[in-house]
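Structure record follows, encoded as structure tokens.
All residue numbers refer to positions in the sequence shown, counting from 1. When a ligand or atom number is given, it counts from 1 through the structure's own listing order.
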Amino acid sequence: MMAPMLAVRALERRVGDVEILRRIDLDVMPGEAIGVIGPSGSGKSSLLRCIAGLDPISGGTVLVEGRVARPGDGAIGMVFQQFNLWPHLTARENVALALRLVRKMPAAAAQAKAEAALARVGLAALAGRKPAALSGGQQQRVAIARTLAMEPRVLLFDEPTAALDPELTTEVLDVIRDLAQAGTTMLVVSHEMGFIARLSTRVVFLDHGVVVQAAPPAELFGTQAEPRVRGFLQTYLDRVAWARDA
Ligand SMILES: Nc1ncnc2c1ncn2[C@@H]1O[C@H](COP(=O)(O)OP(=O)(O)OP(=O)(O)O)[C@@H](O)[C@H]1O
Ligand SMILES: [Mg+2]
């Protein structure tokens, strides 16, 4: 029996009286891509932030390869909706900075590793550009390269294309799909349902801080969907239909 890469056990997050996450259990096997969907405010970002150690948890454990993950140990990497690149630094320097500051890498080694990471997201030729000279999609790919360069065991994406114009989302989704196909263990929060359905080994549907259903996409997007999941997806389909007919 293979051990999970990521084990979330009875994870809880409360702020005051508000229960944001309620006893979340989730085992993620090496190489799995978990899609996380659910209504606004259901706790998707909170789940990722708690796994990454960015939000304090009120109970439970997060284990990476059987060990408690600690912020800064590099076990988990996260990509956000906002790219947060330094405007005065080139793509290469943006990626190299964390390696130098956090990993204490010498400048030349950090630059070489940054270039390798940029090549993985298809930006080898643009390594010398500053963010202002890059499209939103390219900037997000730099942010993904910055996370990849730290060689995390688990990658978390929180709505990585939500800040992008629709025509720029594809290049970012393609990079995420390539990483998944290369065997990267990942959790992806996205409202791009077609992408989630094709990418995911399993999809988790959150509502009010509870996992309502966790199942392969064929089940969760098919006839075996729980009623609450079905209702959510119907709302989504109605919106798409409206956009198509408009
Ligand atoms: N620091 C906080 N203090 C109090 N409540 C919070 C805090 N952070 C999040 N919440 C609440 O927790 C709930 C879950 O928020 P979260 O951002 O995780 O939802 P989400 O599923 O990512 O939503 P969206 O799809 O809009 O991004 C929301 O009701 C939110 O208002
Ligand atoms: Mg969110």
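- When each atom of ligand 1 is checked for a heavy atom of Glu159 under 4.0 Å away, the hits are 25 (O), 27 (O).
- Between the CG atom of Leu126 and the OG1 atom of Thr90 there is a distance of 11.5 Å, given to the nearest 0.5 Å.
- Between Gly43 and ligand 1, a contact under 3.5 Å exists for at least one N or O pair.
- Looking at Asp55, Ile20, Val8 one by one, the single match for side-chain contact (heavy atoms from CB on, under 4.5 Å) with Cys50 turns out to be Asp55.
- How far CD of Glu171 is from CG of Leu123: 8.0 Å, rounded to the nearest 0.5 Å.
- Excluding waters, the protein N/O/S atoms found under 2.8 Å from the Mg ion (ligand 2) are Ser45 OG.
- Of the protein's heavy atoms, none falls inside 4.0 Å of atom 30 (C) of ligand 1.
- The closest protein non-hydrogen atom to atom 6 (C) of ligand 1 is Ile20 CD1, 3.4 Å.
- The number of heavy atoms from other shown groups lying within 6.0 Å of CZ (Arg153) does not exceed 12.
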Let me see the working for Lys130 and Glu93 under side-chain contact (heavy atoms from CB on, under 4.5 Å), right down to the final yes or no. CA-CA 9 Å; Lys130 291 181 180 171; Glu93 290 163 346; 5.6 Å; no
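- Checked options His191, Met193, Glu192; the residue passing with Ile37 is Met193 (criterion: side-chain contact (heavy atoms from CB on, under 4.5 Å)).
- Below 4.0 Å from some heavy atom of Ser42 lie the following atoms of ligand 1, by number and element: 19 (O), 21 (O).
- Ionic pairing of Glu151 and Lys113 is present here: one or more N-O contacts between side-chain nitrogen and carboxylate oxygen are shorter than 4.0 angstrom.
- Near Pro39, with a cut-off below 4.0 Å to any heavy atom, the atoms of ligand 1 are 21 (O).
- With a 4.0 Å cut-off on non-hydrogen atoms, Arg13 touches ligand 1 through its side chain and not its backbone.
- Distance from atom 13 (C) of ligand 1 to its nearest protein heavy atom, with residue and atom name: Gly41 O, 3.5 Å.
- The shortest side-chain heavy-atom distance between Phe83 and Asn94 does not fall under the 4.5 Å cut-off.
- For the side-chain contact (heavy atoms from CB on, under 4.5 Å) with Lys44, the qualifying choice from Val204, Leu187, Leu206 is Leu206, the only one to do so.
- Here Phe157 contributes atom CZ and Ile144 contributes atom CD1; the two are 5.0 Å apart, rounded to the nearest 0.5 Å.
- Among Ser46, Gly209, Gly16, the residue whose heavy atom lies nearest to atom 18 (O) of ligand 1 is Ser46.
- From the protein, the heavy atom lying nearest to atom 4 (C) of ligand 1 is Val15 CG1, 3.7 Å.
- Residue contact annotation: Gly38 has no non-hydrogen atom under 4.0 Å from ligand 1.
- If you check which protein heavy atom lies closest to atom 25 (O) of ligand 1, you get Lys44 NZ, 2.7 Å.
- Neither the backbone nor the side chain of Arg49 comes within contact range of ligand 1; no heavy atom lies under 4.0 Å.
- Not one N or O on the side chain of Glu12 forms a donor-acceptor pair closer than 3.5 Å with the backbone of Ser58.
- In this structure, CZ in Phe80 is found 10.5 Å from CD in Gln140, a value given to the nearest 0.5 Å.
- Here the protein heavy atom with the shortest distance to atom 17 (O) of ligand 1 is Ser45 CB, 3.8 Å.
- Heavy atoms from other residues, nucleotides or ligands lying under 6.0 Å from CZ of Arg100 number 12 at most.
- Residue, atom and distance of the protein heavy atom nearest to atom 26 (O) of ligand 1 are Ser40 OG, 2.5 Å.
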